[in-house]
Chemist: 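If you scroll down you'll find the structure; I have some questions about it.
Chain identifiers are assigned alphabetically (A, B, ...) following the order of the sequence lines, protein sequences preceding nucleic acid strands; residue numbering begins at 1 within each chain. Quick note: numbers below take in every heavy atom, side chains included, and nothing from hydrogens, waters or symmetry partners.
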Amino acid sequence: MKIFHDILLPQIGEILAEQGLDNLPWERMLGNAREASQGDLALPCFPFAKMAKKAPDAIATILAAAISERVTSTAANTLFAEALGEVNAVGGYLNFKADPTWLAKMVLSANSNPETAGTLPTTGEKVLIEHTSANPNGPFHVGRARNAILGDTIVRLNRLAGHEVRAEYYVDDMGKQVAILAWAMENLSKDKVNAILEGAGRQSIDGGSNNWDGKADHERVSWYQAANVLKEQDSSIDQEVGEMVRLSEEGEEKVLEAFDAAFQPVLDGMLETLGRLGIAFDAFTKESKFVIDGSVAEVMDRLQASPLRGVAENGAQYLELESKGISGKSTKFFFQRGDGSSLYATRDISYHEWKWTQCDSLVNILGEDHKLQSKQVAIALEEIGSKAPLVVFYSFIKLPDGKMSTRRGNVVYMDDLLEEAKAQAFAVVSEIRGNELDNETMQSIAEAVGCSAVRFNIIKVAPDKGFTFRWEEALSFEGGSAPFIMYSHTRACSILRKLDSKGIDAANLLSAFDLASFDLSASPQSMVDLLRRLALHPDALADSVENNRPHQFANHLLNLAINYNTFYRDCHIVQDGEVNVLYLAISEAARHCIRRGCEGLGIIPLTQM
RNA sequence: GGGCGUGUAGCAUAGUUGGAUAAUGCACUGGCCUCCUAAGCCAGGGAUCGCGGGUUCAAAUCCUGCUGCGCCCGCCA
């Protein structure tokens, strides 16, 4: 709890100095207490034992007494005295508990303005976040979803943290994958595609279990898959595709246009799916841009000047990275082919240099399969005097029976998952509220609940942890899920509806609210726990953004929802026709934080469900 | 062969730079809707934190060896 920490730290420092115990790096030891019942911050006194020649428990007791003394005797420390509710020594720990009234004061003033509640002050820092950037060769599947959801959540959280964010999609508009798609669109008829896929024992265009007719990503992926099948059988296709790839890498306009025409409808279809998840981009940058404007050629020239440069027999060029800590079968990083053309990674280097001209800090979201490549690109960037980006890696999403692959057709499509999630959510709403709400309202609730649940299910686990997709988990609507958090929010909203129905103006009550007229000493524990959680809200946001670990914030929001639910049970805002304005103010602070927190995670904060 | 990551109750996960009785959800047992939405709340059972060493007053956390799983080691993207 930073606000509390900042007040305590200098005071504790002075007391430790008085006791001659300040030659340890004790600042780092002052941390959040494990058990909320024991305090908000704790200082373990074990390290002092040796130098003080006293038992840790005795030291803690002495320090506790010194602090109590300081609180009562020093008039200058009013803020300290106001903030510190209780100090005690237990089992060698010195525990500090924040004063509930002070907590309330801090939390309520920080969250009284709905515009700024639950956010951090504007920093002006420009952050460019590149994520998703999936090859536009087929519908968005759940395996790709982790990148998009992780990336978009980092985008959203950075915005909440006051940064100026730009979300970019790097469009692979050249190279083999699009070339195969373009070749297929040009050379294969629908009948032929069907015949090829059936012959290979694959699902044909019309054989799908779900109906996504007319959605180009779903249609064209069959062409892509059929071309891949053909390529195995007929090497002349490989050559044709190879020629297209070569021309695209030379920036040949006609070929790039054909590629564009082939993939753009697919990309649009993918973006439609992403849009349903609340994922959008500020900019699309095409890979070909850097070939056409000559920056790739320039980068290759500069790389040639590196002392690490080597040349293969056929003239291909590479950097020898053994001295940079790269090991394995090959330590060579090729940046130019024998024919002088560039490689994907080389173009990525150009892209990064350009990205640096657009921002102060740079974040990439990449699958763990890109770890080596990313390291190579980072070294190469430093070789040419540029800077490496910050990269967030994630582990792949697998299906219970293996890895997903668009090429092989072993996938769960996001469109299908979202439909299923919506259907299941609809079943729940209509069961609970079928006799209160009209169909249209329930449909929109189901859409929000379904999509939010899918997002949360993926974002709540640490990126570097392996993830196996299971339907029953993806569609969980109970504790530990997005609907659980959303439900807390609707509860807070329902209170406002209740006040409104009684003709009570909540805004009026709140503007006249004076904390000083309330005695918080006998407040329910659940209320204090909620205040404590709200006081941790900015810390959770800041930490999550700083470490690029959105699951930490997801976890915090879950805890906030739990605390709110308990508060809701214990602290009735309307009781016997009377409004408890303190409770109302706290409920509103929590509502704002939950709402903004939901936005940060891409969960839709419904007002009723 | 080498590198990177991961292994926490039956299952899925949390555990910021080492700190108190390892937290949460699902599942399991029992209780709570004349009361702001029960998609909720309360109580209970369930863990040799992969295995062995080491560092420390203190290790799920740090070091080391082993082991299971994942990813990578293309003049592919």
Side-chain angles (χ1 to χ4, degrees), chain A residues 28-29 31-35 38 42-44 46-47 49-50 56 90-93 95 135 172 174-178 245 287 312 314-318 325-332 334-339 341 343-345 347-348 367-373 375 393 395-396 398 403 425 428-429 431-433 436 449 457 460-462 464-468 470 472-473 476-481 483-484 486-488 490-499 501-502 539-540 543-544 546-547 549 551-552 554-555 558-559 562 565-566 568-575 583 587 608-609:
Chain A
R28 291 197 336 215
M29 284 152 45
N32 289 345
R34 180 163 291 254
E35 283 286 321
Q38 281 162 328
L43 183 72
F46 307 95
K50 208 170 266 177
V90 181
Y93 287 85
N95 296 316
N135 286 332
D172 180 7
M174 50 194 296
K176 201 182 266 179
Q177 304 220 28
V178 250
V245 170
E287 195 178 330
N314 67 348
Q317 308 207 31
Y318 58 87
I326 303 288
S327 58
K329 286 176 187 161
S330 170
T331 54
K332 292 176 173 54
F334 280 90
F335 62 88
Q336 190 175 94
R337 290 200 185 95
D339 65 5
S341 65
L343 286 106
Y344 173 82
R347 303 189 287 269
D348 204 26
E368 61 179 344
D369 56 336
H370 281 70
K371 274 185 180 175
L372 176 63
Q373 170 125 77
K375 199 168 177 179
F393 292 105
S395 184
F396 286 120
K398 293 178 301 183
K403 199 176 159 182
V428 177
V429 209
E431 190 193 322
I432 299 173
R433 308 199 60 196
E436 295 170 67
V449 168
N457 187 250
K460 73 175 178 185
V461 340
D464 41 18
K465 209 88 146 195
F467 188 104
T468 303
R470 293 189 179 84
E472 61 273 26
E473 283 170 22
S476 161
F477 296 156
E478 292 174 307
S481 70
F484 176 87
M486 296 162 78
Y487 188 65
S488 306
T490 63
R491 281 181 148 176
C493 294
S494 76
I495 291 164
L496 295 179
R497 276 196 296 277
K498 173 150 185 168
L499 291 177
S501 74
K502 288 175 175 292
D539 304 359
D543 289 351
S544 192
E546 197 171 323
N547 305 326
R549 292 174 83 71
H551 74 282
Q552 290 178 342
N555 228 275
L558 219 36
N559 285 322
I562 290 171
N565 283 342
T566 317
Y568 177 89
R569 180 200 60 191
D570 293 342
C571 304
H572 282 227
I573 285 156
V574 186
Q575 187 108 50
Y583 291 167
S587 177
Q608 63 163 346
M609 59 193 277

Chemist: Establish, with yes or no, whether the OP1 or OP2 oxygen of A77(B) is under 4.0 angstrom from a side-chain nitrogen or oxygen of Arg347(A).
Modeler: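 Arg347(A) to A77(B) OP1/OP2: side-chain N or O found under 4.0 Å.
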
Chemist: Is any side-chain heavy atom of Arg347(A) less than 4.5 Å from a side-chain heavy atom of Met174(A)?
Modeler: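 Arg347(A) vs Met174(A): side chains touch.
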
Chemist: Ignoring backbone atoms, test whether Lys465(A) places a side-chain nitrogen or oxygen under 4.0 Å from the OP1 or OP2 oxygen of G7(B).
Modeler: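 Checking Lys465(A) against G7(B): at least one side-chain N or O falls below 4.0 Å of OP1 or OP2.
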
Chemist: C35(B) base stacked by His572(A)? Criteria: ring centres under 5.5 Å, plane angle under 30°.
Modeler: no

Chemist: For a quick test of reading the model: is some side-chain N or O of Lys50(A) closer than 4.0 Å to OP1 or OP2 of C57(B)?
Modeler: yes

Chemist: Should His551(A) be listed as having a side-chain N or O under 4.0 Å from OP1 or OP2 of G15(B)?
Modeler: yes

Chemist: Nearest-Å distance, CG (Asp570(A)) to P (C41(B))?
Modeler: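 It is 12 Å, rounded to the nearest whole Å.
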
Chemist: What about Asp369(A), does its side chain sit under 3.5 Å from the base of C72(B) through a donor-acceptor pair?
Modeler: no

Chemist: Would you say the side chain of Arg337(A) lies within less than 4.5 Å of the side chain of Leu343(A), judging by non-hydrogen atoms?
Modeler: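 Yes; the side chains approach each other to less than 4.5 Å.
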
Chemist: Between Phe396(A) and Glu368(A), what is the shortest heavy-atom contact and its length?
Modeler: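 Residues Phe396(A) and Glu368(A), closest heavy atoms: N-OE2, 3.8 Å.
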
Chemist: What is the distance, rounded to the nearest whole Å, between atom NZ of Lys375(A) and atom P of C71(B)?
Modeler: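 Going from NZ in Lys375(A) over to P in C71(B) covers 19 Å.
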
Chemist: OP1 or OP2 of C76(B) sitting under 4.0 Å from any side-chain N/O of Arg337(A)?
Modeler: yes

Chemist: Please work out if Glu368(A) contacts a base, only the sugar-phosphate, or nothing of the nucleic acid, heavy-atom cut-off 4.0 Å.
Modeler: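 Here Glu368(A) touches the bases of the nucleic acid.
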
Chemist: Respond yes when some side-chain nitrogen or oxygen of Thr468(A) is under 4.0 Å from OP1 or OP2 of A12(B), and no when none is.
Modeler: no

Chemist: What is the distance, rounded to the nearest whole Å, between atom CD of Gln336(A) and atom P of C75(B)?
Modeler: 14 Å

Chemist: So what does Arg497(A) touch, heavy atoms closer than 4.0 Å: a base, only the sugar-phosphate, or nothing?
Modeler: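 Here Arg497(A) touches the bases of the nucleic acid.
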
Chemist: Take the protein atom CD of Gln552(A) and the nucleotide atom P of U13(B), then report the distance between them rounded to whole Å.
Modeler: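 The distance from CD of Gln552(A) to P of U13(B) comes to 17 Å, rounded to the nearest Å.
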
Chemist: Asn457(A) CG to A14(B) P: how many Å, rounded?
Modeler: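 Those two atoms, CG and P, are 12 Å apart.
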
Chemist: Taking atom types as they are modelled, is there a donor-acceptor pair under 3.5 Å from the base of U16(B) to the side chain of Asp543(A)?
Modeler: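 Per atom types, the contact qualifies.
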
Chemist: Give a yes or no on whether the backbone of Glu473(A) and the side-chain of Asn457(A) come within a donor-acceptor separation of less than 3.5 Å.
Modeler: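 Checked: pair present.
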
Chemist: Anti or syn, where syn is a glycosidic angle within 90° of 0; which label fits C33(B)?
Modeler: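 This nucleotide is in syn.
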
Chemist: Could you tell me whether Ile573(A) contacts a base, only the sugar-phosphate backbone, or nothing, with contacts defined as non-hydrogen atoms closer than 4.0 Å?
Modeler: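 The residue Ile573(A) makes base contact.
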
Chemist: Using a cut-off of strictly less than 4.0 Å, decide whether Lys332(A) has a side-chain nitrogen or oxygen near OP1 or OP2 of G74(B).
Modeler: no

Chemist: Whole Å only: how far is the NZ atom of Lys371(A) from the P atom of C73(B)?
Modeler: 13 Å

Chemist: Over all heavy atoms of both residues, which pair between Ile326(A) and Lys375(A) is shortest? Give the atoms and the distance, please.
Modeler: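 For Ile326(A) versus Lys375(A), the nearest heavy atoms are CD1-CD, 3.9 Å.
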
Chemist: Say you draw a straight line from OG1 of Thr331(A) to OH of Tyr318(A); how long is it, rounded to the nearest 0.5 Å?
Modeler: 8.5 Å

Chemist: Tell me whether the side-chain N/O atoms of Asn565(A) come closer than 4.0 Å to OP1 or OP2 in C41(B).
Modeler: yes

Chemist: Identify whether any heavy atom of Cys493(A) sits under 4.0 Å from a base atom; if not, whether one sits that close to sugar-phosphate; answer base, sugar-phosphate or nothing.
Modeler: nothing

Chemist: Nearest-Å distance, CZ (Phe467(A)) to C1' (U6(B))?
Modeler: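 That distance rounds to 15 Å.
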
Chemist: At less than 3.5 Å, do the side-chain atoms of Asn95(A) and the base atoms of A20(B) form a donor-acceptor pair?
Modeler: yes

Chemist: Heavy atoms only: give me the nearest Gln373(A)-Ala345(A) pair and the separation to one decimal.
Modeler: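 Reported closest heavy-atom pair: NE2-CB, 2.9 Å.
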
Chemist: For Gln608(A), report the nucleic acid contact type (base, sugar-phosphate, nothing); a contact means any heavy atom under 4.0 Å.
Modeler: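 Result for Gln608(A) = base.
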
Chemist: Does a side-chain N or O from Arg491(A) land closer than 4.0 Å to OP1 or OP2 of C41(B), or not?
Modeler: no

Chemist: Applying a 4.0 Å non-hydrogen cut-off, can you work out what Glu546(A) is touching in the nucleic acid: base, sugar-phosphate, or nothing?
Modeler: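 Contact class for Glu546(A): none.
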
Chemist: Applying side chain to side chain contact (heavy atoms under 4.5 Å, CB included), can you list everything that pairs with Lys502(A), at least two apart in sequence or on another chain?
Modeler: Lys498(A), Ile504(A), Val574(A)

Chemist: Measure CG/Leu372(A) against C1'/C76(B) and give the value in whole Å, please.
Modeler: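 Interatomic distance, CG of Leu372(A) to C1' of C76(B): 14 Å.
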
Chemist: Looking for any heavy atom pair under 4.0 Å, which part of the strands does Val429(A) touch: base, sugar-phosphate only, or nothing?
Modeler: base

Chemist: Regarding Asn314(A), tell me which of base, sugar-phosphate or nothing describes its non-hydrogen contacts under 4.0 Å with the strands shown.
Modeler: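 Touches a base.
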
Chemist: Which stems, defined as runs of 3 or more consecutive Watson-Crick or G-U wobble pairs with both pairing distances under 3.5 Å, involve RNA chain B?
Modeler: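 So the stems come out as B:1-7 with B:67-73, B:10-13 with B:23-26, B:28-32 with B:40-44, B:50-54 with B:62-66.
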
Chemist: Please check: side-chain N/O of Thr566(A) versus main-chain N/O of Ile562(A), any donor-acceptor pairing under 3.5 Å?
Modeler: yes

